[in-house]
Protein chains: 2
Amino acid sequence: MTPAGNRSDKTQVTRALLALREQILSGQFAAGERMSELPLVERLGVSRTPLRLALVALEHEGLLDRLPGGGYTVREFTVTEIADAIELRGVLEGTAARLAAERGIGRRELRAMSELNDEILRLINTDGDYVTRYVDLNERFHARLIKLAGSVQLERMWSGIAALPFAGPSALLLTEPKLSESWPILRVAQRQHASMLDAITQRQGARAESVGREHARIALTNLDLLLRERETFQRMPGGSLVLLPGGAADDHS
Amino acid sequence: MTPAGNRSDKTQVTRALLALREQILSGQFAAGERMSELPLVERLGVSRTPLRLALVALEHEGLLDRLPGGGYTVREFTVTEIADAIELRGVLEGTAARLAAERGIGRRELRAMSELNDEILRLINTDGDYVTRYVDLNERFHARLIKLAGSVQLERMWSGIAALPFAGPSALLLTEPKLSESWPILRVAQRQHASMLDAITQRQGARAESVGREHARIALTNLDLLLRERETFQRMPGGSLVLLPGGAADDHS
DNA sequence: CCAAAGATGTTTGTATGCAACCCCGTCGCT
DNA sequence: AGCGACGGGGTTGCATACAAACATCTTTGG
C-alpha cells in the first residue's frame with residue numbers, strides 16, 4: 001500500500017512522502033506536536049496540494065494521526081502496541097503458511113524459497129558483516145511467503161503492518177554492538193523457515209501456521225533485548241516514536 | 001479507516017466520498033472502465049481537489065484500483081477473493097477472541113456482550129421482519145469483540161477488511177425471499193457467539209480462537225447459497241462488482 | 001473592572017488556472 | 001510506400017488564490 005512511490009516517480013507527492021517519512025522516523029517531530037501544513041510546505045519545498053496527499057498516505061500508513069481540529073501529529077507507539085503488531089504479523093504469516101499448505105504450492109516456488117533460505121544458512125555460517133545482506137534475504141523470504149497464499153487481501157494487510165516501524169520481519173535485528181547475542185537467534189529463525197517450507201510441502205496446514213506464528217515471536221525476543229539498551233533503541237529509525245515504559249519497574253521484571 | 005466521515009461533516013470530500021461509494025456499490029460504473037476526474041467532477045458536483053481526496057480514500061479502502069497511466073477503475077472481486085476475505089476476517093476475529101481470553105476481560109464488558117447476544121437470541125425466536133435489527137445487533141457484537149483484544153492494529157486491520165463488500169459480519173445475510181433458509185443459520189451463529197464469550201470468560205484462548213474462525217465461515221455458507229441465485233446476488237449492494245464464475249461448471253460442483 | 005463583541009491572524013477546505021504528459025492520428029519527408 | 005515527427009485532444013499533476021472556520025486578543029460599553 002502506497003509503500004513508497006511506484007517506479008522512480010519524480011512526482012512531488014512521492015518526494016514529499018519520502019522526505020516526510022524519513023524526517024518523522026528520524027525523530028524530527030515531537031510526539032504530540034501539531035504539524036501544520038504551511039511550515040511543512042516550506043520545509044519540504046512542495047506546495048500544499050501534493051503535501052496533503054502525502055499526509056493522508058502517512059495517516060493511512062499509521063505514522064500520523066489526524067487530530068480533531070484538522071492537522072496531524074506523529075503517532076506515538078507504546079511497547080505494547082509494537083508487541084501486538086508483531087504478534088499480528090505472526091498471525092498473518094502463519095495464516096499465509098497454512099493457506100499455502102492447504103492449497104498446495106508449485107515446486108518452482110518452493111524451490112526458490114528453499115534456495116533463499118539456504119543462502120541465509122550459508123550467510124550466517126560466515127563471519128563478517130552480513131547484516132545488510134541478511135536483511136535483504138530475510139525480507140525477500142517473508143514477502144514471498146505471504147504471496148504463497150495467493151490472497152490479495154492477506155498481502156494488503158501484511159504490507160500494512162510490516163511497514164510499521166519495528167513490526168517488519170527484519171526490523172528489530174540487533175545491529176553491530178550486540179551481534180554476538182543475535183547470532184544464535186538467526187540460526188533458530190533459519191531453521192523455522194525450513195520447517196515452514198517443509199510443512200507447506202507436506203501440506204501440514206496446522207504445523208505451517210504454528211511455526212509461522214512462533215517465528216514472528218523471535219522479534220519479541222529481540223524487542224526485549226533492545227529495550228535493555230535504551231540509547232541504542234532511541235537511535236534506531238523510528239525509535240523516538242516509541243513511548244518507553246515509564247521510569248518505574250519493568251526493568252527487572 | 002476513513003470509513004465514512006467523522007461527525008456529520010458537510011465537507012466536500014465527505015460528500016464526494018459517500019456519493020461515489022454509493023454509486024460504485026450500486027454498479028453505476030462498469031468493471032474495467034476508466035474513471036476520469038472531469039466526468040466525475042460534474043457528476044458529483046464537487047471540484048477536483050476534494051474529488052481526488054475521495055478517490056485516494058476509496059483506493060485505500062480497496063474499492064478502486066489506480067491504473068498505470070493515472071485514473072482509476074472500480075475494483076472487481078472474484079468469488080475466491082471474497083471467500084479469502086471472509087476467511088481472513090475469521091482469522092482476525094479468532095485472534096481477537098484468543099487475545100481477549102489470554103489477557104482477561106472485565107466483567108462489565110463481557111456482561112454487555114452477553115446481553116447483546118441474549119437480545120439476538122430473543123430476536124430470532126420472534127417471527128417477523130427482524131433483519132434490520134439483527135444486522136445492527138450483530139455488527140455491534142462483532143465490533144465489540146474486536147475491541148476486546150485491545151489492539152489498535154488489530155482493529156485497524158479488521159475495519160479494513162470488514163468494510164469490503166461482502167466481507168463484513170452481516171454482509172451476506174439472506175434477505176427476505178430465502179429467510180427460511182437463513183433462520184437455522186442465525187441460531188448457529190448465536191450459539192457460536194455464546195461459545196466465544198464462554199471461552200473468553202474461562203480464558204480458553206485456543207477454543208476462543210477456533211470458534212471465532214469457524215463463526216466467520218458461516219458467511220461462506222451464505223455466500224454459497226447466494227451464488228445459487230445470481231439475480232438476487234447482482235441486486236445486492238456491490239453485487240455488480242463481483243466477477244461470477246464463468247458460465248462453465250461450478251454450478252453443480 | 002468585567003464582559004461581550006469585534007477585529008485580526010492563523011489554519012484548513014475548495015476552486016481554478018496552468019503546465020507537463022501521453023496517446024494517437026495525420027502529415028510530411030525520404 | 002514507409003517511417004518519423006509534429007500537433008491536437010484529453011488527462012493528470014501542481015501551484016496558488018480565495019473562502020470559511022476557528023482562536024485569540026483587544027477594545028469598548030455597561
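Between the P atom of C:dT11 and the CZ atom of A:Arg66 lies a distance of 17 Å, rounded to the nearest Å. Residue A:Leu38 contributes atom CG, which lies 12 Å from atom C1' of D:dT16 at whole-angstrom precision. Counting to the nearest Å, the C1' atom of C:dG13 and the CG atom of A:Leu53 are 14 Å from each other. Atom CD of B:Gln12 is separated from atom C1' of C:dA15 by 10 Å (rounded to the nearest Å). Rounded to whole Å, the distance from CG on B:Leu40 to C1' on D:dG10 is 15 Å. Nucleotide C:dA15 holds its P atom 15 Å from the CD atom of B:Glu42, rounded to whole Å. Taking atom CG of residue B:Leu44 and atom P of nucleotide C:dA15, one finds them 12 Å apart after rounding to whole Å. Regarding B:Leu51, its CG atom lies at a distance of 10 Å from the P atom of C:dA15, rounded to whole Å.
Within the structure, every side-chain polar atom (N or O) of B:Ser36 is placed at least 4.0 Å from both OP1 and OP2 of D:dG10.
Exactly one of A:Arg21, A:Arg75, A:Arg52, A:Arg66 qualifies for a salt bridge (charged side-chain N to carboxylate O under 4.0 Å, His left out) with A:Glu59. That residue is A:Arg66.
Here B:Leu173 contributes atom CG and B:Asn138 contributes atom CG; the two are 7.0 Å apart, rounded to the nearest 0.5 Å. To the nearest 0.5 Å, the span separating CG on A:Leu63 from CG on A:Leu58 amounts to 6.0 Å.
At a threshold of 4.0 Å, the pair A:Glu115-A:Arg111 counts as salt-bridged, since one of the basic side-chain nitrogens sits closer than that to a carboxylate oxygen.
Between the side chain of A:Thr49 and the base of D:dT16 there is at least one donor-acceptor pair of N/O atoms closer than 3.5 Å.
Comparing B:Gly71 and A:Arg48 by the nucleotide of DNA chain D whose heavy atom lies nearest to each, the residue mapping closer to the 5' end is B:Gly71.
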